[in-house]
Amino acid sequence: MNHLKVAIGSDHGGFRYKESIIDYLKIRDIEYIDVGTYTPESCDYPEIARKVAELVTSGKVDRGILVCGTGIGMSIAANKVHGIRAALCSDTYSARVSRAHNNANILCLGERVIGEHLALDITDIWLKTGFEGGRHKRRVDIIE
Ligand code: RB5
């Protein structure tokens with residue numbers, strides 16, 4: 001998984017978890033681009049979601065991670081970008097299946113919803129799981 005390149009971003013509501021996930025990426029030698037926010041000051045999550053989404057669709061990174069208070073705003077905004085399949089996950093099963101079945105290319109997390117260690121476990125599983133293809137590819141192709 002450390003051949004993956006990841007873009008990561010958050011608003012103020014997800015800032016603390018973004019920093020923890022970056023520590024996780026560093027420990028595992030996973031290359032990343034941090035699009036911000038860089039301080040806990042209030043900011044607008046759609047701007048951050050667009051930056052990460054465009055890095056993914058341009059192919060500059062393989063996958064994206066977005067954190068806000070609930071993960072909902074980030075997922076709504078990211079999914080407006082054509083080619084993005086952003087999955088808001090609050091459990092490890094959904095994280096695994098969002099990759100295996102939906103080929104999710106952005107993971108969204110809610111800092112005010114789940115604990116930090118669960119967020120890190122979800123991230124770990126999501127980054128490690130591959131797309132199964134087959135019948136799932138047909139369905140993803142229908143979305144596109
Ligand atoms: C910010 O207060 C909050 O609205 C944001 O982080 C996110 O939860 C939006 O969906």
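Owing to the predicted nature of the structure, the values given are computational and were not obtained by experimental measurement. Computation of the quantities below employed the complete heavy-atom set of this structure, encompassing side-chain atoms and omitting hydrogens, waters and symmetry-equivalent molecules. Both ligands and their constituent atoms are indexed starting at 1 by order of listing.
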> Checking salt bridge (charged side-chain N to carboxylate O under 4.0 Å, His left out) for the pair Lys137/Glu132: CA distance, chi angles, key distance, verdict?
CA-CA 8 Å; Lys137 181 177 182 319; Glu132 281 176 13; over 6 Å; no
> Are the side chains of Ser42 and His12 in contact, using a 4.5 Å heavy-atom criterion?
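The answer is yes, as the side chains (C-beta and beyond) meet within the 4.5 Å cut-off.
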> Below 4.0 angstrom from a heavy atom of Tyr45, which ligand 1 atoms are there? Numbered from 1 as shown, please.
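Contacts of ligand 1 toward Tyr45, numbered from 1: 9 (C).
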> Which residue supplies the protein heavy atom nearest to atom 6 (O) of ligand 1, what is that atom called, and how far is it?
Asp11 OD2, 2.6 Å
> How far is atom 7 (C) of ligand 1 from its nearest protein heavy atom, and which residue and atom name does that atom have?
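For atom 7 (C) of ligand 1, the nearest protein heavy atom comes out as Cys68 SG, 3.3 Å.
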> Considering only heavy atoms from C-beta outward, does the side chain of Leu127 approach that of Arg63 to under 4.5 Å?
yes
> Looking at Arg85, I want to see if its CZ is surrounded by more than 12 non-hydrogen atoms of other residues, nucleotides or ligands under 6.0 Å.
yes
> Between Ser94 and Asp91, do the side chains contain a donor N or O and an acceptor N or O under 3.5 Å apart?
yes
> Could you tell me whether atom 4 (O) of ligand 1 has at least one protein heavy atom nearer than 4.0 Å?
no
> Applying the side chain to side chain contact (heavy atoms under 4.5 Å, CB included) test to Leu109, which of Leu66, Ile114, Thr70 qualifies?
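So, applying the side chain to side chain contact (heavy atoms under 4.5 Å, CB included) to Leu109 and each of Leu66, Ile114, Thr70, only Ile114 qualifies.
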> Quick one: does Asp44's side chain have a donor or acceptor within less than 3.5 Å of a partner on Pro46's backbone?
no
> With respect to Gly69, determine whether any N or O atom, backbone or side chain, lies less than 3.5 Å from an N or O atom of ligand 1.
yes
> Please identify which atoms of ligand 1 are closer than 4.0 Å to at least one heavy atom of His12.
1 (C), 2 (O)
> Among protein heavy atoms, which sits nearest to atom 2 (O) of ligand 1, and what does the distance come to when rounded to 0.1 Å?
Arg112 NH1, 3.3 Å
> Look only at interatomic distance and state if Gly73 has a nitrogen or oxygen under 3.5 Å from any nitrogen or oxygen of ligand 1.
yes
> Heavy-atom distances under 4.0 Å are what count here, so tell me which part of Thr70 touches ligand 1: side chain, backbone, both or neither.
both
